[in-house]
Every structure is written in structure tokens, then in C-alpha cells.
Amino acid sequence: NRKSVSVSLLSNNLIYVDDKLVDRKYLEEEILKKMEKIQPPSIILRAEKSVQIDNVVYVMNIANQNSIKVVLAVDNK
């Protein structure tokens with residue numbers, strides 16, 4: 001019973017929702033499908049260092065429009 005969904009943005013423009021590779025145009029649909037069983041809805045957002053900020057903002061906008069909490073996972077290296 002998961003309490004959040006992981007969204008990973010890779011520097012090669014690949015996007016994963018949990019362990020599933022997702023095309024950007026289907027990202028919102030996939031996130032919402034995964035959120036059906038999660039209350040309160042939340043995303044753990046992971047982005048590699050070289051990911052463009054536009055891609056991070058895109059995911060955050062999806063979350064904001066759907067009242068989903070976002071937690072940014074950062075690497076301390």
C-alpha cells in the first residue's frame with residue numbers, strides 16, 4: 001500500500017512514473033491513474049542534475065492542477 005508516486009526525470013529526457021517509462025504526453029494521465037489509490041495524493045519528484053527546469057516545472061504544474069503534494073528528492077552529493 002503505497003503512500004506516494006515517484007516521478008523521475010532523467011537527463012536523456014526519459015520520464016519514469018514509479019518503474020514505468022512514460023511518454024511526456026501521457027504523463028498526467030499516468031500520474032492520475034496511479035493516484036487513484038493514494039490518499040492524500042503525493043509525488044516524490046526526482047530529477048537528475050542536468051534536467052532542464054522546464055521539465056521540472058511541467059511536472060509541478062500537473063501536480064498543482066490536480067491538488068497533488070510534491071516532495072522534491074535531492075541528492076546530497
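Any value given below was found using the heavy atoms of this structure, including those in side chains, with hydrogens, waters and symmetry copies removed.
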Legend entry - Asp19 atom CG, over 12 foreign heavy atoms within 6.0 Å: no
Legend entry - Note, Met35 side chain near Asn66 side chain (heavy atom, < 4.5 Å): no
Inset, instruction - For the residue pair Ile15 and Leu21, establish whether any side-chain heavy-atom pair is separated by less than 4.5 Å. - result: no
Inset, instruction - Check whether any side-chain heavy atom of Tyr16 sits under 4.5 Å from a side-chain heavy atom of Leu9, and report yes or no. - result: no
Inset, instruction - State the CG-CD1 distance between Leu72 and Ile44, to the nearest 0.5 angstrom. - result: 10.5 Å
Inset, instruction - Measure the CZ-CG distance between Arg24 and Leu14 for me, rounded to the nearest 0.5 Å. - result: 13.0 Å
Legend entry - Polar side-chain atom of Glu48 near backbone of Ser11 as donor-acceptor pair, under 3.5 Å: yes
Inset, instruction - Search all heavy atoms of Ile43 against all heavy atoms of Ala63 and return the closest pair with its distance. - result: CD1-CB, 4.2 Å
Legend entry - Side chain to side chain, Pro40 and Lys69, heavy atoms closer than 4.5 Å: no
Inset, instruction - To the nearest 0.5 Å, tell me how far Glu28 CD sits from Tyr58 OH. - result: 7.0 Å
Inset, instruction - Output the distance between atom CD1 (Ile31) and atom CD (Glu36), rounded to the nearest 0.5 Å. - result: 13.0 Å
Inset, instruction - For Asn55 and Val51, indicate whether the former's side chain and the latter's backbone hold a donor-acceptor pair under 3.5 Å. - result: no
Legend entry - Main-chain N/O of Leu45 paired with Ser8 side-chain donor or acceptor, under 3.5 Å: no
Inset, instruction - Report yes or no: do Val71 and Leu32 belong to one cluster of Ile/Leu/Val/Met/Phe/Trp/Tyr joined by side chain heavy-atom distances under 4.5 Å? - result: no
Inset, instruction - State plainly whether one hydrophobic cluster holds both Ile38 and Val22, where clusters connect Ile, Leu, Val, Met, Phe, Trp and Tyr through side-chain heavy atoms under 4.5 angstrom apart. - result: yes
Inset, instruction - Enter the distance from Lys34:NZ to Ser4:OG here, rounded to the nearest 0.5 Å. - result: 11.5 Å
Legend entry - Cluster link Val59 to Val56, ILVMFWY, side chain under 4.5 Å: yes
